[in-house]
Structures are given as C-alpha cells and as structure tokens.
Q: 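Before I ask anything, here is the structure I am working with.
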Number of protein chains: 2
Amino acid sequence: MSNSETKEQRREKRILDAASELIVRFGYDKTTVREIADAAGVSKGAIYLHFDSKRELFEGLLLREFRLVSRAWLDSVEADKEAGSLGSMYRAILSAQHESELMMAIYRQDPKVLGSYLHAEDNIFERAYSQSVHVRFVEQMQAAGVIRQDIDAQVISHVMDIVDYGFVSIGELKEPEQIPSHEETIELIGQMLDRALTPAEGVDREKGRAVIRRLIDEYDEILAQLMGQGDE
Amino acid sequence: MSNSETKEQRREKRILDAASELIVRFGYDKTTVREIADAAGVSKGAIYLHFDSKRELFEGLLLREFRLVSRAWLDSVEADKEAGSLGSMYRAILSAQHESELMMAIYRQDPKVLGSYLHAEDNIFERAYSQSVHVRFVEQMQAAGVIRQDIDAQVISHVMDIVDYGFVSIGELKEPEQIPSHEETIELIGQMLDRALTPAEGVDREKGRAVIRRLIDEYDEILAQLMGQGDE
DNA sequence: GTTTGACCAAAAAAACGATTTCGGTCATAC
DNA sequence: GTATGACCGAAATCGTTTTTTTGGTCAAAC
C-alpha cells in the first residue's frame with residue numbers, strides 16, 4: 001500500500017467536501033443528495049456506493065471533522081515547543097475548532113445546520129457525549145501536575161465547557177463588528193486558565209503534551225467505535 | 001407621598017408577576033392576554049388600563065426585570081464588605097442573573113421564551129445593546145485600577161460576555177445532572193477573572209464599589225430612557 | 001466491473017377554505 | 001370615575017386535498 005489515495009478515496013473526499021460546504025451553508029435538511037452529487041461532480045447513484053443513506057453520509061462527515069480537528073489540535077501542540085501549559089493547549093483547541101465552520105456548528109448544536117439530525121434518535125452526539133472526555137482530560141491533567149488538584153475536576157471541566165460553548169456561540173448573539181479578533185480573545189482566555197489553574201510549583205510541559213497524545217489516541221478509538229456502530 | 005404602594009401599583013405588580021410566570025413557562029407567543037388577566041385575578045380590560053398593548057406589557061416586564069436584577073446586584077455588592085475585586089463583583093452579577101429564570105432567558109436570547117418578540121423590529125434588546133454598557137464597565141474599572149490596563153477593554157469585555165453567555169446557556173446543552181452546583185462554578189469563574197485581570201499592585205476595593213454605584217445610576221437612566229421611548 | 005439517471009413510494013410542501021383563537025375596543029354596569 | 005366582558009376584525013390554526021420534492025433503487029449503458 002502506497003501513501004497515494006485510491007480513486008475511490010478521492011471520490012469519497014470530494015463527496016464529503018461538497019456535503020460539508022452545502023450543509024454548513026444551507027443546513028442538513030435543506031441539502032439534498034442530488035445537490036451533493038452535482039457539487040461533487042458525481043452521479044446520485046455513486047453516492048450510494050460510498051454511503052448507505054443520507055444520514056450515514058452525514059455521520060461520516062461528522063466523524064471526519066472530529067478527526068481532522070483533533071489532528072489539527074495535536075499537530076499544533078506538537079509544533080509549539082512552548083506548549084504544554086493548560087492555557088496554551090486550550091488556546092490550540094479553540095483555534096482548531098474556530099478554523100472549521102462545521103465544527104463550530106456542531107459544538108453549539110446549531111439547529112440551522114444540524115436540522116432534524118439534532119433530534120434524531122441515537123444520533124452520534126448522544127453517543128459521543130456519554131463518554132465524558134472533558135472530565136477525563138482535566139483529571140489526567142491534574143494527575144500530570146499541569147492543573148491544580150485542589151479543585152474538583154467536574155467543576156473545572158464545566159467551566160471550560162462554559163467558555164468553549166460561549167466562544168463558539170457568541171456569534172449568534174453579537175454582530176461581527178462587535179467581536180474583537182479571535183486571536184486576542186483566545187490569548188486572554190488562555191491567560192485566565194493558566195493563572196487560575198496552574199499549580200504554584202510550576203509545570204512540566206512535556207508531561208502536559210504526553211497527556212494530549214494519550215488522550216487523542218483514546219479519542220481516536222472512541223471515534224473508530226462510533227464509526228463501527230454506524231455500519232451495522 | 002408615603003412608601004406604601006397605591007392600589008394601582010399593586011395591581012400592576014400582580015399583572016407583571018402573572019405575566020412573568022406564564023411567559024417563562026409557556027413563552028411570549030403562547031401566553032395570551034386573557035390568561036395573564038385570569039392568573040392576575042383581574043379582567044382583560046384592566047390590563048389595558050395599565051399597558052397599551054401586549055407588547056408594551058412585555059417590555060414593561062423586561063424593564064422591571066433589568067431593574068430588579070441590577071438592584072439585586074448592587075445590594076449584594078454593598079452588603080459584602082469583601083467585595084470590590086473584579087471577581088467578587090462578577091460573581092455577584094452571575095448570581096443575581098441566575099436567580100431569575102426570565103433574566104437567564106433574556107441573556108441567552110431564548111426563542112422558546114421570547115418568541116416572536118425576539119425578531120420584532122426595534123425591540124428593546126437592539127436598543128439596549130447599542131449602548132455598550134459592558135465595555136464601559138470594563139473601561140471604568142480600568143480607570144479605577146481594579147482591572148489591568150494593558151489589555152484592551154473591548155477584548156476583556158468580550159471574554160466576559162463569552163463567559164456570561166456560556167454560563168446562562170449551558171443548560172441548553174447539558175443535562176442537569178451533568179452540571180455542578182452553580183456556587184462552585186461561579187466561585188471558579190470569579191477566581192479566574194481575579195487572577196488574570198487584577199493589577200499586580202493590588203486594588204482599592206472601595207473604588208471598585210464606587211464604579212458599580214456610578215454604573216448602576218447610568219444604567220437606570222438608560223432604562224428610564226428606554227421606558228420613555230416605549231410610551232410614544 | 002462501474003457508473004448512471006430514469007423511476008418509485010413516501011414524505012414534505014403548498015393550496016385552500018373552514019374554524020378557532022387572540023389582541024384590542026367600548027358600551028354598559030357598578 | 002373605574003372596571004368589566006361581550007364583541008369585532010385580523011390572524012393563526014386546523015383539516016383536507018393536491019402537488020412537488022426527495023431519499024433510495026436498479027435495469028440499462030458504459
């Protein structure tokens with residue numbers, strides 16, 4: 001096996017790219033399979049060679065996005081030699097999320113984009129949220145000495161969720177011109193976390209990065225599992 | 001004039017109380033004037049002796065709530081001798097907001113509660129937001145030496161908006177059992193703000209409280225103005 | 001072996017009138 | 001003077017039928 005993609009993989013990528021753009025723009029319900037096929041330059045039948053249904057196509061798209069964003073997060077943490085503090089890692093994940101309009105819509109559970117899928121039974125979000133990855137992230141960071149251990153992990157994780165949810169959702173509330181650059185915003189958020197949650201005795205940055213690597217591995221497994229479930 | 005309310009004032013209060021409970025529960029659109037009258041124990045006609053329309057009744061309710069919450073905020077700041085730091089004041093306002101279900105719905109711009117009023121033209125929110133009270137709050141706090149002056153007030157204010165919006169909206173995303181007590185949550189948020197935004201040289205708490213007093217006065221004026229506009 | 005697009009049943013949307021509900025008014029009662 | 005609720009027109013809701021759209025299939029074409 002070489003690293004070049006097969007013809008099929010390239011076509012699947014084109015389909016998902018087309019679906020992503022259309023769904024972000026018009027929403028899941030208002031985007032038809034026909035339109036996705038046209039935008040991807042394939043026939044409608046071809047889509048069903050890759051996915052069993054519109055729903056599974058969408059779930060494939062969601063899973064790809066989860067993976068892409070977590071990969072981007074990991075890369076940015078690995079690339080930054082200064083990284084390892086809680087703030088720098090949180091900044092990295094906010095940045096990674098912010099790059100993807102689809103990911104933003106997912107995190108804020110935007111009904112305009114996710115449409116009827118949002119309330120479809122047994123959807124991927126229910127399954128994904130039942131794993132409490134955020135709490136585990138904080139617990140492992142505490143164990144690694146990157147986060148103060150005198151505050152309950154549940155509470156820390158919840159405040160981080162609040163900030164994250166506010167960050168991706170604030171665009172629904174404010175006009176674009178009232179919003180400062182997201183670099184400045186993210187910078188300040190990172191500072192706040194660092195100053196409030198870093199232990200007094202300082203941190204071993206490499207340990208923090210090690211936690212991220214381990215967590216992303218875990219996360220990939222969860223995604224693979226979700227992928228598997230979808231196939232049945 | 002004595003401090004006892006007139007009969008009319010008492011009736012207006014009963015009407016607003018009834019409206020508040022029904023609207024929080026069933027939403028603006030699904031609550032009828034008839035139901036409000038019944039719940040308040042008055043006739044429908046009586047309602048129109050106090051308000052020119054259903055819309056103005058609702059705006060009266062909104063303005064009363066703004067005033068009540070800002071008053072509760074001020075009281076809690078005045079009562080707490082330790083208050084004056086940014087964190088303690090922010091904690092107080094989150095608490096005050098959290099006490100009022102209606103205020104929570106307003107801050108998260110909940111369509112289930114605010115219904116068609118949310119997109120009604122020239123609604124009170126548009127007018128209220130055009131005044132950038134949050135930015136002015138931060139600027140005055142910086143001038144009083146309670147907040148670091150080396151960070152742009154716009155950015156600080158925006159991050160505080162993000163936290164606030166996330167705080168009142170997170171209930172839409174998570175199940176109640178996944179949410180820690182709001183006391184713990186608020187406590188940590190306050191710590192984060194204090195540690196990240198307090199100047200190194202420490203603060204004069206009384207100066208901070210003085211800013212609050214001045215701001216609430218300003219705010220009352222803005223509300224009075226909005227009230228006036230509504231009457232035309 | 002691949003790919004396509006005409007085709008189908010099911011679901012959604014539109015059309016439409018009948019019916020009910022609702023915000024607001026005002027003649028009447030107190 | 002104050003308060004009420006029957007009353008009105010506008011608007012929303014409902015029930016039903018018709019029309020259009022859409023997800024998914026598969027015989028035919030390549």
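Keep in mind the model is a prediction, meaning the values are calculated, not measured. In what follows, chains are A, B, ... by sequence order, proteins preceding strands, each numbered from 1. Computed over heavy atoms, backbone and side chain alike; hydrogens, waters and symmetry mates excluded.
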Q: Sub-3.5 Å donor-acceptor pair from the side chain of A:Trp73 to the main-chain atoms of A:Met89, do we have one?
A: yes
Q: Have a look at A:Arg11 and say if it touches a base, only the backbone sugar-phosphate, or nothing, with a 4.0 Å heavy-atom cut-off.
A: sugar-phosphate
Q: Calculate the interatomic distance between B:His50 atom NE2 and D:dT2 atom P; express it in whole Å.
A: 11 Å
Q: Just list the side-chain donor-acceptor pairs under 3.5 Å for residues 14-23 of chain A, sequence neighbours left out, or say none.
A:
{"residue": "A:Arg14", "atom": "NE", "partner": "A:Ala40", "partner atom": "O", "Å": "3.0"}
{"residue": "A:Arg14", "atom": "NH2", "partner": "A:Ala40", "partner atom": "O", "Å": "3.3"}
{"residue": "A:Asp17", "atom": "OD1", "partner": "A:Arg64", "partner atom": "NH1", "Å": "3.1"}
{"residue": "A:Asp17", "atom": "OD1", "partner": "A:Arg64", "partner atom": "NH2", "Å": "2.9"}
{"residue": "A:Asp17", "atom": "OD2", "partner": "A:Lys13", "partner atom": "NZ", "Å": "2.8"}

Q: Please state how far atom OH in B:Tyr28 lies from atom P in C:dG23, giving the value in whole angstrom units.
A: 8 Å
Q: As a test of reading the structure: which of C:dT4, D:dT4, D:dG23 is closest to the side chain of A:Ala46, going by heavy atoms?
A: C:dT4
Q: Heavy atoms only, 4.0 Å cut-off, all strands: where does B:Ser116 land among base, sugar-phosphate and nothing?
A: nothing
Q: Figure out the CD/C1' separation between B:Glu56 and C:dG24, and round it to whole Å.
A: 13 Å
Q: Look at the side chain of B:Lys54 and decide which nucleotide, out of C:dT3, D:dA3, C:dG23, has an atom nearest to it.
A: C:dG23
Q: Run through B:Lys54, B:Arg55, B:His50, B:Glu56 and flag the one making a side chain to side chain contact (heavy atoms under 4.5 Å, CB included) with B:Asp52.
A: B:Glu56
Q: Can you check side-chain hydrogen bond (donor to acceptor under 3.5 Å, both in side chains) on A:Glu184 and A:Ser181, steps first, answer last?
A: CA-CA 6 Å; A:Glu184 288 177 290; A:Ser181 79; 3.2 Å; yes
Q: Distance check needed: C:dG24 C1' versus B:Lys44 NZ, whole Å only.
A: 6 Å
Q: Between A:Tyr48 (OH) and D:dG23 (P), how many Å, whole number?
A: 6 Å
Q: Using whole Å, report how far CG of A:Leu57 lies from P of D:dG24.
A: 10 Å
Q: Just the rounded figure in Å: distance from P of D:dT2 to CD of B:Glu8.
A: 7 Å
Q: Using whole Å, report how far CD1 of B:Ile36 lies from P of C:dG24.
A: 11 Å
